[in-house]
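To keep things clear, I will list the structure first and then write my remarks on it.
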Amino acid sequence: MNTIRIAILDLYEGEENEGMRCIKQLVEQFKNESSFPVEYEVFDVRSKNEIPSPDFDIYISSGGPGSPLASEGSEWEVNYFGLMDTLRKHNLQNPQQKKFVFLICHSFQIYCRYYKYATVSKRRSEAFGIFPIHKTREARHEPLFK
């Protein structure tokens with residue numbers, strides 16, 4: 001039985017948070033309940049510029065503080081996207097043995113910015129948890145939203 005190797009990419013820049021606690025708790029639960037052997041390692045991406053090798057099976061990239069626009073071109077981000085580029089290339093060349101990446105909040109935003117999947121811009125308001133919904137002009141007149 002092959003060991004499932006999970007890399008947890010901590011983008012919280014050394015800040016205490018619930019996100020990393022929950023990610024570790026879920027991975028531990030998976031490890032305890034899995035019929036496969038599971039190993040995981042945490043990498044402090046932003047504070048220590050720790051980037052895992054492409055030898056893991058699953059990559060979980062956390063949220064984090066600050067603007068997803070501010071880190072563009074930083075050393076840690078260049079290295080982070082070096083890994084992401086390597087994983088994308090691997091998946092294209094090995095469709096039967098793909099590497100899996102789960103991007104959470106900040107990670108998802110910088111990924112979308114880097115690969116130009118969407119325009120990442122400032123929010124109208126800051127929030128944590130449940131975010132306010134800003135309706136478009138059309139949505140203001142939508143009967144379902146009344």
Side-chain angles (χ1 to χ4, degrees), residues 1-136 139 142 144-145:
M1 222 181 282
N2 289 342
T3 299
I4 298 172
R5 298 187 67 229
I6 302 172
I8 300 173
L9 287 71
D10 179 352
L11 270 65
Y12 280 103
E13 209 165 21
E15 290 190 17
E16 289 294 318
N17 61 83
E18 284 295 297
M20 283 301 296
R21 184 189 66 76
C22 291
I23 291 167
K24 290 177 194 172
Q25 181 180 354
L26 289 167
V27 171
E28 277 291 334
Q29 182 179 349
F30 173 67
K31 180 179 176 178
N32 293 334
E33 295 175 6
S34 177
S35 57
F36 295 96
V38 176
E39 295 175 356
Y40 73 92
E41 192 172 339
V42 177
F43 297 86
D44 188 341
V45 176
R46 288 171 76 175
S47 293
K48 297 179 181 171
N49 202 11
E50 296 175 346
I51 303 294
S53 74
D55 299 329
F56 288 83
D57 303 299
I58 299 169
Y59 297 80
I60 301 172
S61 189
S62 77
S67 167
L69 304 172
S71 60
E72 190 169 9
S74 65
E75 182 181 1
W76 75 262
E77 196 176 275
V78 168
N79 293 333
Y80 177 86
F81 285 114
L83 171 65
M84 293 298 137
D85 289 341
T86 299
L87 298 177
R88 287 169 53 105
K89 184 178 177 182
H90 169 87
N91 286 348
L92 288 170
Q93 294 173 348
N94 301 281
Q96 302 304 316
Q97 282 189 298
K98 289 187 176 186
K99 306 286 184 171
F100 298 93
V101 179
F102 183 65
L103 304 162
I104 301 168
C105 198
H106 193 90
S107 297
F108 181 74
Q109 292 172 333
I110 64 171
Y111 194 92
C112 288
R113 174 184 44 79
Y114 180 82
Y115 290 109
K116 298 181 180 11
Y117 291 144
T119 301
V120 178
S121 59
K122 283 186 117 179
R123 293 186 194 128
R124 292 184 191 181
S125 60
E126 290 187 25
F128 178 79
I130 299 173
F131 294 94
I133 295 173
H134 304 285
K135 294 180 188 175
T136 63
E142 174 58 50
L144 290 173
F145 294 141

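- At a threshold of 4.5 Å between non-hydrogen side-chain atoms, the residues P52 and L9 count as touching.
- Atom CD of Q109 is separated from atom CG of L103 by 11.0 Å, given to the nearest 0.5 angstrom.
- In this structure, E50 contributes its side chain and D44 its backbone to a donor-acceptor pair below 3.5 Å.
- Between the OG1 atom of T3 and the CD atom of E39 there is a distance of 5.0 Å, given to the nearest 0.5 Å.
- Counting heavy-atom neighbours within 6.0 Å of E16 CD, excluding the residue itself, gives a total of 12 or less.
- The residue from E28, K31, K24 that alone fulfils the side-chain hydrogen bond (donor to acceptor under 3.5 Å, both in side chains) condition with Y40 is E28.
- Between F43 and the options Y80, W76, F56, a ring pair (Phe, Tyr, Trp, His ring centres under 6.0 Å) holds for only F56.
- Counting heavy atoms of neighbouring residues, nucleotides and ligands inside a 6.0 Å radius, atom CG of N94 exceeds 12 of them.
- Between I110 and L11, the shortest heavy-atom distance links the atoms CD1-CD2, 4.0 Å.
- Listed here is the closest heavy atom pair of V78 and G73: CG2-O, 3.8 Å.
- Interatomic distance, CG of L26 versus CD1 of I6, reported as 10.5 Å (0.5 Å rounding).
- If you run side-chain hydrogen bond (donor to acceptor under 3.5 Å, both in side chains) between S71 and each of E77, R46, H106, only E77 comes through.
- Looking at every heavy atom in both residues, I60 comes nearest to V27 through CD1-CG2, 3.8 Å.
- Annotation: side chain of Y114 is in contact with side chain of D85 (closest heavy-atom distance under 4.5 Å).
- Counting non-hydrogen atoms of neighbouring residues, nucleotides and ligands closer than 6.0 angstrom, the OH atom of Y117 exceeds 12 such neighbours.
- No side-chain donor-acceptor contact under 3.5 Å links Y111 and S61.
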* To do: In sequence, state the C-alpha distance, the side-chain angles, and the governing distance for Y115 and R88, and then conclude on side chain to side chain contact (heavy atoms under 4.5 Å, CB included).
  => CA-CA 11 Å; Y115 290 109; R88 287 169 53 105; 3.3 Å; yes

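- Distance OG/S107 to CE/M84: 7.5 Å, rounded to 0.5 Å.
- Distance alone, capped at 3.5 Å, is enough to place a donor-acceptor pair between the S34 side chain and the F36 backbone.
- Here the straight-line distance linking atom CD of Q29 with atom SG of C22 works out to 11.5 Å at 0.5 Å rounding.
- With a 6.0 Å radius and a threshold of 12 heavy atoms from other residues, nucleotides or ligands, F81 has its CZ atom above the threshold.
- Without hydrogens or angle criteria, K99 side chain to P54 main chain gives a donor-acceptor distance under 3.5 Å.
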